[in-house]
Amino acid sequence: MLTEAIKATADQLGYISVPEKENINFAEEIVKLKKEKNAVLLAHYYQEPAIQDIADFVGDSLALSQKAAQVDADIILFAGVHFMAETAKIINPKKKVILPDFNAGCSLAEAAPAKEFKEFVEAHPDHTVITYINSSAEVKAYTDITVTSSNALKIVNSLPKEEKIIFAPDRNLGRYIMKETGRDMLLWDGACVVHEAFSMNKLLELHKEYPQAQIIAHPESEMHLLQTASFVGSTAALLKHVKEDKSDQYIVATEAGILHKMKQAVPGKTLIPAPSKEDNTCACSECAFMKMNTMQKVYNCLKYEYPEVQVTEEIRIKAAKAIQKMFDLS
Ligand code: 13P
Ligand code: SF4
């Protein structure tokens, strides 16, 4: 275990950065540690390929939360961003939940500070509050139903047509739900920095080069991009689509990490990451938060069982209700 002093320093840095020895085979050591410590490694599709390859389960936000609820092991090592690990702790509180880098946040979760969100909710007492899982535990505590990009349409459609709804924090997912369900919702003004970074001009240029390619997109993307897409869905839905669909070429408008599983699933198909506005070098969009997790940090996190995710019991109980409602309606 770490000494208190080292812990404090690591806390300040947000992660533990020092490997124990040089030339360490992180993959082998992590697999060994998982066994020794009875730990399960859950990873999001946006994690780097090496992490996905040693994970016990790789999935989208919904599948990961459902999996986390069922974990029987002592430790959940969550290779994703903070709100995902926090969700695991909320729904499976007896487990130790650890996250390789505590600075792995999310622009959507940050867009809805708890205090402002509480005031907004209190100003609209006749509204049902639906929040995207990409939000803090505090925000979930002011929420009636949590949703993910996998189940948002189904859950909104399950509510009576006349129900007044607040939807937060993703304005793009919110607009997409409004268009698909014909509902009017009060939207919080947040966005994902990765999905808003796609360049429409570059995308159309790319499509001229690959006219047979289907554009497929995550609903966190902007409406003009979604309108050009042949298929819109969560990361898991996009993966399922390229497996089941008959086309041979796809331009994929979501974080480039998903291409790892797609390439494994359909090695014969052409998969092209949608181009982002800024990036002229790799022509892909990567989530800087998701990519904060590295094999070294996964190793250190499991070795020292640190940093650990904590949620106060008062917040946890309230947030768990909103997540449970999502499970019931999924
Ligand atoms: P899904 O995992 O629900 O597809 O969401 C993608 C995402 O941006 C996660 O932060
Ligand atoms: Fe948040 Fe966007 Fe990164 Fe997902 S891809 S964690 S929504 S910033």
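First listed ligand is number 1; within each ligand, the first listed atom is number 1.
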*Using a strict cut-off of 4.0 Å, indicate which atoms of ligand 2 neighbour a heavy atom of Tyr46.*
5 (S)

*Taking the six-membered ring for Trp, are His195 and Tyr46 parallel (under 30°), tilted (30 to 60°) or perpendicular (over 60°)?*
tilted

*Does even one non-hydrogen atom of Glu220 get within less than 4.0 Å of ligand 2?*
yes

*Under a 4.5 Å cut-off applied to non-hydrogen side-chain atoms, are Asp56 and Lys34 in contact?*
yes

*Give the residue and atom name of whichever protein heavy atom lies nearest to atom 2 (O) of ligand 1, and the separation in Å to one decimal.*
His44 NE2, 2.7 Å

*Under 4.0 Å from any heavy atom of Ser61, which atoms of ligand 1 are there?*
1 (P), 2 (O), 3 (O), 5 (O), 9 (C)

*Mutual orientation of the aromatic rings belonging to Tyr142 and Phe117 [parallel < 30°, tilted 30-60°, perpendicular > 60°]*: tilted

*Do any heavy atoms of Tyr45 fall under 4.0 Å from ligand 1?*
no

*Can you pull out the closest protein heavy atom to atom 3 (O) of ligand 1? Residue, atom name and distance to 0.1 Å, please.*
Ser149 OG, 2.8 Å

*Give the contacting part of Asn134 toward ligand 1: side chain, backbone, both or neither, where contact means a heavy-atom distance below 4.0 Å.*
side chain

_Looking only at distances, can you tell me whether any N or O atom of Thr235, backbone or side chain, sits closer than 3.5 Å to an N or O atom of ligand 1?_
yes

*atom 8 (O) of ligand 1 [closest protein heavy-atom partner, distance rounded to 0.1 Å]*: Glu220 OE2, 3.0 Å

*Arg171 pairs by side chain to side chain contact (heavy atoms under 4.5 Å, CB included) with which of Glu222, Glu220, Glu196, Met223?*
Glu196

*Using a distance-only test with no angle check, is there a side-chain donor-acceptor pair under 3.5 angstrom linking Asp328 and Gln324?*
yes

*Quick one: which ligand 1 atoms are inside 4.0 Å of a heavy atom on Ser234?*
4 (O)

*asked:* Any N/O/S atom, side chain or main chain, of Cys192 closer to atom 3 (Fe) of ligand 2 than 2.8 Å?
replied: no

*Aromatic plane relationship, Phe26 with Tyr299 - under 30° parallel, 30 to 60° tilted, over 60° perpendicular*: tilted

*Distance to 0.1 Å, residue and atom name: give those for the protein heavy atom nearest to atom 7 (S) of ligand 2.*
Asn134 ND2, 3.1 Å

*Closest non-hydrogen protein atom to atom 5 (O) of ligand 1, residue and atom name please, with distance?*
His218 NE2, 3.3 Å

*So is Glu255 close enough to ligand 1, meaning a heavy atom under 4.0 angstrom away?*
no

*Looking at Leu108, which atoms of ligand 2 are within less than 4.0 Å of one of its heavy atoms?*
7 (S)

_Test item, Tyr132 contacting ligand 1 (heavy atom, 4.0 angstrom)_ = yes

*Considering only non-hydrogen protein atoms, determine which one is nearest to atom 1 (Fe) of ligand 2 and report residue, atom name and distance to 0.1 Å.*
Cys106 SG, 2.4 Å

*Confirm or rule out an N/O/S atom of Cys287, from backbone or side chain, lying less than 2.8 Å from atom 1 (Fe) of ligand 2.*
no

*asked:* Looking at ligand 1, is there an atom of it that comes within less than 4.0 Å of some heavy atom belonging to Ser150?
replied: no

_How long is the straight-line distance from CG of Leu271 back to CG of Leu238, given to the nearest 0.5 Å?_
11.0 Å

*Are Pro100 and Leu77 side-chain neighbours, meaning at least one heavy-atom pair lies under 4.5 Å?*
yes

*Side chains of Thr131 and Thr143, donor plus acceptor under 3.5 Å*: yes

*Within-4.5 Å side-chain heavy-atom neighbours: His82 and Asn103*: no

*From CA spacing to verdict: side chain to side chain donor-acceptor pair (under 3.5 Å), Asn201, Ser199*: CA-CA 5 Å; Asn201 290 340; Ser199 158; 5.4 Å; no

*asked:* Testing Ser149, Ser150, Cys106, Ser61 one by one against Ile133 for a side chain to side chain contact (heavy atoms under 4.5 Å, CB included), which residue passes?
replied: Ser61

*Numbered atoms of ligand 1 (with element) below 4.0 Å of Met84, judged on heavy atoms*: 9 (C), 10 (O)

